[in-house]
Amino acid sequence: MGMEIIVQNTEQEQHRPVWIQNAAQLITLASNQKGPRIKEGMSELSIIEGGSVWIENGVIKAVGTMQQMIPICMPRAHEAEIVDATGKIVTPGLIDPHTHIVHGGSREFEFEMRIQGKGYMDILQKGGGIHATTRKTREVSEEQIYNDSAHRLDSFLQHGVTTLESKSGYGLDLETEMKQLRIMKRLNDKHPVEIIPTFMGAHAVPENYSGRADAYVDYVIQEMIPKVAQQNLAKFCDVFLEKGVFTPEQAERVLLAGKEHGLIPKVHADEIEAYGGAELAAKVGAITADHLLKTSDEGFQKLAESGVIACLLPATALILGEQPARARDMIEAGVPVAISTDCNPGSSPTTSMPLIMNLACIMMRMTPAETICAATYNAACAIGMEDKIGSIEVGKRGDVVIWNVSNYQKLNYMFGINHVHGVWKKGIQVVR
Ligand code: NIG
Ligand code: FE
């Protein structure tokens with residue numbers, strides 16, 4: 001019995017109230033505190049046993065125990081779709097705050113080469129990697145990339161993700177960067193998963209600018225950023241700050257130019273080598289610093305002081321054969337942590353956030369509770385959406401997942417299995 005996507009467009013559906021009843025654990029993540037959760041706060045899931053939720057017109061209208069909810073909801077029960085969650089847990093829809101889902105082609109042959117010992121940066125420098133995907137993304141038709149990306153979104157949804165961030169960065173020229181962002185916008189109008197777009201023109205130095213990174217940065221700043229901002233095609237601006245790609249100075253120029261045009265900075269930081277990524281994120285007031293595999297303790301301190309969220313990508317470390325990010329040290333230092341798939345055709349071809357939660361436990365010693373916070377509320381903060389999504393609280397969007405497990409620890413304990421029982425986006429069942 002496969003998981004079925006049953007609604008294609010939540011905007012067009014009739015809204016009938018949904019009453020989810022009697023969950024073994026309703027994992028609300030409710031809190032009076034604003035901003036991302038840190039330290040012990042990441043473990044406070046605000047669980048209601050025997051929990052119940054009423055969703056109406058796309059929004060959560062009531063949350064409580066079954067006993068509290070019966071008097072409130074009974075008079076209108078006949079109008080509602082009743083969903084029995086006995087023996088199951090309910091969480092907010094998962095949020096993936098870092099993906100590269102819109103691209104042409106795939107790179108299974110590089111996967112094979114890396115298994116045989118070739119390095120990721122080596123492949124990139126020889127014209128593979130991001131360059132290979134860039135060639136494909138330029139070549140392949142907009143329709144084809146739209147359809148392939150929609151399939152990836154289907155898979156995210158089937159694994160419990162209701163919102164994700166997605167980056168451009170496989171165009172590396174104005175036309176193709178715009179093509180990627182346009183596809184995201186179209187997907188947003190059609191697909192139940194909401195996409196928050198990021199402009200990442202500075203993902204690599206394109207081959208026609210080889211050896212002229214500064215000139216490419218000028219092009220990104222002068223030609224791309226103003227157009228992207230003017231057409232309102234992105235919320236964030238990201239850059240691959242890495243030895244052999246962009247220097248801290250170049251990355252800073254890009255991020256400050258983005259900021260001037262209203263794009264909030266994000267940084268691919270310290271992935272392969274420590275190169276001042278965390279420090280730059282703190283300096284420019286980035287919302288997140290991502291990867292952080294090689295960041296020093298001083299770097300963690302800077303992130304904590306500036307309130308930058310660490311977005312950790314354990315599948316990427318696994319696939320690249322790198323030591324995982326030091327999540328425990330970051331959490332102890334007071335850095336808020338979010339986790340993500342980094343879904344991309346090179347270093348992380350997965351669409352499974354539950355797998356990432358498992359890996360976060362196994363590889364980075366995050367607790368099951370911390371991974372839930374990192375994949376819901378803190379992930380919402382990582383895309384600036386925490387006032388709308390990321391917890392099950394009155395007034396928030398009706399994005400929830402019912403999982404076929406009786407407690408939240410089991411979600412991470414039994415790994416490589418899709419435990420999704422049902423997914424609701426804005427109060428409409430989209431997966432069954
Ligand atoms: O986050 N590090 C740079 N960008 C992506 C990988 C892109 C690719 O290999 O296609 C990442 O790992
Ligand atoms: Fe990435």
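Computed from a predicted model, the values in this text were never measured in an experiment. Ligands are counted one by one from 1 in listed order, and the atoms in each one are counted from 1 as well.
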Item to check | His100 and Tyr170 aromatic ring geometry - parallel, tilted or perpendicular at 30°/60° bounds | outcome: tilted
Checklist entry - Is it the case that more than 12 heavy atoms not belonging to Arg328 sit under 6.0 Å from its CZ atom? => result yes
Next on the checklist: To the closest 0.5 Å, what do you measure between NE2 (His421) and CZ (Arg432)?
Outcome noted: 10.5 Å
Next on the checklist: Are there over 12 heavy-atom neighbours, none belonging to Glu207, within less than 6.0 Å of that residue's CD?
Outcome noted: yes
Next on the checklist: Check this for me: Phe415, atom CZ, are more than 12 non-hydrogen atoms of other residues, nucleotides or ligands nearer than 6.0 Å?
Outcome noted: no
Next on the checklist: So if I apply the side-chain hydrogen bond (donor to acceptor under 3.5 Å, both in side chains) rule between Lys294 and each of Glu322, Glu273, Gln323, Glu271, which one comes out positive?
Outcome noted: Glu322
Checklist entry - What protein atoms of element N, O or S are positioned under 2.8 Å from the Fe ion (ligand 2)? => result His98 NE2, His100 NE2, His268 NE2, Asp342 OD1
Checklist entry - His203 and His268: side-chain hydrogen bond (donor to acceptor under 3.5 Å, both in side chains), yes or no, with the steps? => result CA-CA 9 Å; His203 193 195; His268 277 63; 5.1 Å; no
Checklist entry - Can you name the residues that come within less than 4.0 Å of ligand 1, going by heavy atoms only? => result His98, His100, Arg107, Tyr120, Ile130, Tyr170, His203, Phe240, His268, Glu271, His291, Thr316, Asp342, Asn344, Gly346, Ser347
Next on the checklist: I need the minimum non-hydrogen distance between Pro97 and Lys266, along with the two atoms involved.
Outcome noted: O-NZ, 3.8 Å
Checklist entry - Taking 4.0 angstrom as the limit, do Glu143 and Arg186 come out as a salt bridge? => result yes
